[in-house]
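The structure under discussion appears below in the form of structure tokens.
Bear in mind the structure is a predicted one, so any value in this text is a computation, not a measurement. Count residues from 1 along the sequence.
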Amino acid sequence: MIDRRTFSKAVGLGLGAAAVPTGAVAADRSGRPTAVDPAEGPAPAEVPAPARPFGRLKQVRAGVLDIGYAEAGPAHGPVAVCLHGWPYDIHSYVDVAPLLAEAGYRVIVPYLRGHGTTTFRSPTEVRNAQQSAVALDIVALLDALGIRRAVLAGFDWGSRTAAIVAALWPERVRALVSVGGYLVTDVRAQQNPLPPKAEHTWWYQYYFATDRGRRGLENPQYRRELCRAVWAEASPTWAFDDATFERTAAAFDNPDYAAIVTHNYRWRLGLAAGEPRYDRYERRLADRPAIGVPTITLDPGLDPFLASTDGLGYRKFFTGAYEHRVLDGVGHNAPQEAPAAFARAVLDADRL
């Protein structure tokens, strides 16, 4: 077990800042509670060091994929698997991974199917991105790497994937960190409209439901422009530069990218079929299974996709040890915008 003193040293914060109270907690980008002692003045904001690039990426055959992944930390440390979302890639964790590695974790950051160097092993394999298929990729990755149990942490597609593994294969999960809470898709419920303002936020999923949208995503120039527009909308205070975006955008050049992304959103809306081999998992997920592993949920305060940040809307789905935290001033890409707070949540979830 990693001790809190070691971790606090790794993230460059004092022990007092590392102690985060349980329950609904507001935190700034460094993960410090926003409530401060007036005598001390406001807590200083985190000024992260320049992102350290991942080392040489690795590849492993896992299930139907050849998965590309970054790895950091000691080979025999407790394992943390960090899962990215759309339109992002492994570099959402470029600052999180070294913090966890310095705290003694073996950190695995895989490209999800259709992204970066993750490819299908067979040219005839269906380019399917339904939720259970993506979750089984992670189970296959754990098997391929000989990992019995891991902390799973993610946002966006990564939150959904991690939550599904925790719900259906809890014996493989030490703890869970989920940005946005319980994101398991209920395809039937997706048929019900949201308020128009909320629907507007999801404009791209309707774009991808059309052939026009698919062709837009296949066009290299439009693909980058579209993804960059989503970054700006989803993280309104994140001042990323061109180099940061282009580093991630290279992962969008995967030949299966457009097929995987459009299938994911079409399947969620009930506009594309899944595969029969996954039906048994989807039937279980349709029942909205509870998650019993130790969990910390994170709600970014500026994430436009969250209806609220109190966590009450999904609290009932987490039946084990649990904390909920709010990241004030942070947008959708929580691990890249607030790496210390995210890394701290991983450590704390593993100690619940």
Please tell me whether [X] and [Y] have a donor and an acceptor in their side chains that are separated by less than 3.5 angstrom.
X: Y322; Y: T297; result: yes
X: Q130; Y: E282; result: yes
X: Q336; Y: W231; result: no
X: S235; Y: E337; result: yes
X: N128; Y: Y278; result: no
X: N333; Y: S92; result: yes

Centroid-centroid under 6.0 Å between [X] and [Y] rings:
X: Y204; Y: W86; value: yes
X: W202; Y: F208; value: no
X: Y93; Y: F54; value: no
X: Y257; Y: H115; value: yes
X: H332; Y: F305; value: yes

task = Mark yes when over 12 heavy atoms from residues, nucleotides or ligands other than Y222 sit less than 6.0 Å from its OH; otherwise mark no.
result = no

>> Please determine whether the number of non-hydrogen atoms from other residues, nucleotides or ligands lying under 6.0 Å from atom CZ of R277 exceeds 12.
In response: yes

query = When you measure from the centre of the six-membered ring of F317, is the NZ or CZ of R288 under 6.0 Å away and within 45° of the axis?
reply = yes

*asked:* Is the terminal nitrogen or CZ of R224 (NZ for Lys, CZ for Arg) located under 6.0 angstrom from the six-membered ring centre of F252 and within 45° of that ring's axis?
replied: no

Side-chain contact test, heavy atoms from C-beta onward, threshold under 4.5 Å: evaluate it for [X] versus [Y] and give yes or no.
X: T244; Y: T248; answer: no
X: Y314; Y: D299; answer: yes
X: P300; Y: V179; answer: yes
X: D279; Y: R283; answer: yes
X: P110; Y: L83; answer: yes
X: V187; Y: R268; answer: no
X: T118; Y: Y69; answer: no
X: E233; Y: W203; answer: yes

side-chain contact (heavy atoms from CB on, under 4.5 Å) with R172: of V81, I138, V293, D143, only one passes, and it is D143

Shortest non-hydrogen pair, A345 vs I296, comes out as O-CD1, 3.5 Å

### Query
Yes or no on salt bridge (Lys or Arg N to Asp or Glu O under 4.0 Å) for R121 and E125, after CA distance, side-chain angles and deciding distance?
CA-CA 8 Å; R121 293 171 60 185; E125 185 72 37; over 6 Å; no

side-chain hydrogen bond (donor to acceptor under 3.5 Å, both in side chains) filter on Y265, not counting sequence neighbours, yields W157

With sequence neighbours left out, the residues meeting side-chain hydrogen bond (donor to acceptor under 3.5 Å, both in side chains) with R228 are D242

- Item | Intermediate values then yes/no, side-chain hydrogen bond (donor to acceptor under 3.5 Å, both in side chains), T117 and Q59 | CA-CA 8 Å; T117 61; Q59 297 287 141; 2.6 Å; yes

Carboxylate-amine/guanidinium contact D350 R174, below 4.0 Å
yes

Taken to the nearest 0.5 Å, the spacing of R149 CZ from L142 CG works out to 11.5 Å

